[in-house]
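Following: one structure in structure tokens, then a few remarks.
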Number of protein chains: 2
Amino acid sequence: MLLSKSSVYGIRASLYLAAHNRGQYNSIREVSEELDISFHFLTKILQNLTADNLMESYKGPNGGIRLSAKGRKATLLDVVIAIDGPDLFVECALGLPGCGSSDPCPLHNNWAMVREGIKDMLARTTLEEMAKEGKANKFRITPDGHFSWQ
Amino acid sequence: MLLSKSSVYGIRASLYLAAHNRGQYNSIREVSEELDISFHFLTKILQNLTADNLMESYKGPNGGIRLSAKGRKATLLDVVIAIDGPDLFVECALGLPGCGSSDPCPLHNNWAMVREGIKDMLARTTLEEMAKEGKANKFRITPDGHFSWQ
DNA sequence: ATTATTTAAGAGTTTAATGTCTTTAATATA
DNA sequence: TATATTAAAGACATTAAACTCTTAAATAAT
Ligand code: SF4
Ligand code: SF4
């Protein structure tokens with residue numbers, strides 16, 4: 001898999017939050033049930049996003065989680081980096097020790113292009129814009145069935 | 001990591017064999033030492049490649065492993081598929097259940113392009129051609145230091 | 001104040017990838 | 001035939017990713 005499960009769950013949750021109840025808190029329980037993701041696991045993942053100030057959380061009744069202003073302007077790339085770190089966008093294809101662009105392996109230049117392609121894919125639009133497009137195009141972010149962009 | 005360790009080791013071993021002693025058998029011990037890969041682990045990985053007829057093995061004194069005719073014409077893509085299967089080149093970005101190009105997620109089209117980019121990178125040239133280019137450009141496939149394209 | 005609701009924190013479990021070790025089978029050479 | 005050399009096969013161990021469970025802390029409502 002290109003992205004870790006944690007990143008994929010983080011992305012789906014971010015898109016869900018970008019599309020729902022802007023400004024309000026959504027409980028992690030609700031998000032986990034809508035997206036069919038383990039509640040405790042999702043909680044852990046979202047903690048990375050609040051630690052990176054992409055989200056804000058609030059404890060207690062009617063508490064939950066929401067995108068911060070920074071989070072609404074953020075892209076999926078920011079989400080992935082907050083969760084899994086920048087490795088995927090830095091590391092090389094063959095992982096040879098002591099390697100670099102001088103004295104390269106046969107994949108070096110091609111790989112740099114592909115890696116940029118992955119980055120571009122994730123950095124194309126902000127979560128805010130994605131929610132708009134999602135509404136317009138009815139893109140899916142949940143398992144079969146129940147989901148509405150409201 | 002984009003590719004599994006098994007695939008990376010398989011790629012490096014394939015390139016090594018493409019560059020060395022064409023037609024002869026190289027012992028897995030030698031390959032593992034030159035490339036700094038665990039001997040037993042590499043043995044397991046290469047078994048996938050012989051099972052897929054990309055390599056031929058021979059037991060006993062002076063035995064070892066070599067690229068088959070098919071293997072010399074194969075690409076890194078064939079190596080990766082023989083080791084890890086075609087998943088990476090088939091699977092989708094977000095892994096939503098019951099998903100497809102109708103009713104897509106926001107990444108669907110971009111992801112298809114990126115995935116082709118990865119495939120192209122690995123399918124660009126045959127192992128045989130790569131060995132030639134390797135010699136011409138002195139590309140690296142081993143850890144620091146000892147390696148010659150002969 | 002007490003209780004209920006919610007996230008945070010952290011320990012623990014399971015599963016899959018990675019890596020090691022031992023035994024077996026094939027082959028060459030003496 | 002006996003011994004050495006090599007890959008194949010498979011059991012075993014370690015590590016990291018993925019997932020679960022329990023307790024603590026914050027907050028709201030009664
Ligand atoms: S040449 Fe580039 S891609 Fe290849 S191993 Fe070195 S750093 Fe990685
Ligand atoms: S729309 Fe395409 S990329 Fe997105 S989850 Fe579905 S199949 Fe995967």
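Per chain, numbering begins at 1; letters A, B, ... match sequence-line order. Bear in mind that the values here come from a model prediction, so they are computed numbers and not experimental data.
Contact between the side-chain N/O atoms of B/Ser6 and the OP1/OP2 oxygens of C/dT18 is found at a separation under 4.0 Å. OP1 or OP2 of C/dA8 sits under 4.0 Å from a side-chain N or O of A/Ser57. Using a 4.0 Å cut-off, some side-chain N or O of A/Tyr9 falls inside it from OP1 or OP2 of D/dC19. When the side-chain nitrogen and oxygen atoms of A/Ser38 are compared with OP1 and OP2 of D/dT20, one or more of them lie within a distance under 4.0 Å.
Judged purely by distance below 3.5 Å, without hydrogens or angles, the side chains of A/Tyr16 and A/Glu30 pair a donor atom with an acceptor atom. For the residue pair A/Asp84 / A/Ser7, a side-chain donor-acceptor distance below 3.5 Å is found, with atom types taken as modelled.
Remark: of the listed residues B/Ile83, B/Leu3, B/Ile45, B/Leu127, B/Leu3 is the sole one forming a side-chain contact (heavy atoms from CB on, under 4.5 Å) with B/Ile11.
At distances below 3.5 Å, not a single donor-acceptor pair connects side-chain atoms of A/Asp52 with backbone N or O atoms of A/Leu49. A distance-only check finds a donor-acceptor pair linking the side chain of A/Arg12 to the backbone of A/Leu35 [under 3.5 Å].
Atom CE of B/Met1 and atom P of D/dA16 are 12 Å apart (whole Å). As a whole-Å value, the separation of B/Glu56 CD from D/dA8 P is 12 Å. The separation between B/Leu49 atom CG and D/dA8 atom C1' is 14 Å, rounded to whole Å. Rounded to whole Å, the distance from NZ on A/Lys5 to C1' on C/dA17 is 15 Å. The distance between atom CG of B/Leu3 and atom P of C/dA17, rounded to the nearest whole Å, is 14 Å. One atom, CD1 of A/Ile83, and another, P of D/dA18, lie 11 Å apart when rounded to the nearest Å. Rounded to an integer number of Å, the gap from CD1 of B/Ile28 to P of C/dA25 is 18 Å. The nearest whole Å value for the distance from the CZ atom in A/Phe39 to the P atom in C/dA9 is 14 Å.
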Per-nt protein contacts along nucleotides 21-30 of chain D (heavy atom under 4.0 Å; B base, S backbone sugar-phosphate only, - none) come out as BB--BBBS--

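A 4.5 Å side-chain heavy-atom check between A/Leu76 and A/Met130 finds at least one atom pair inside the cut-off.
With values rounded to the nearest 0.5 angstrom, B/Thr50 atom OG1 is found 12.0 Å from B/Leu67 atom CG.
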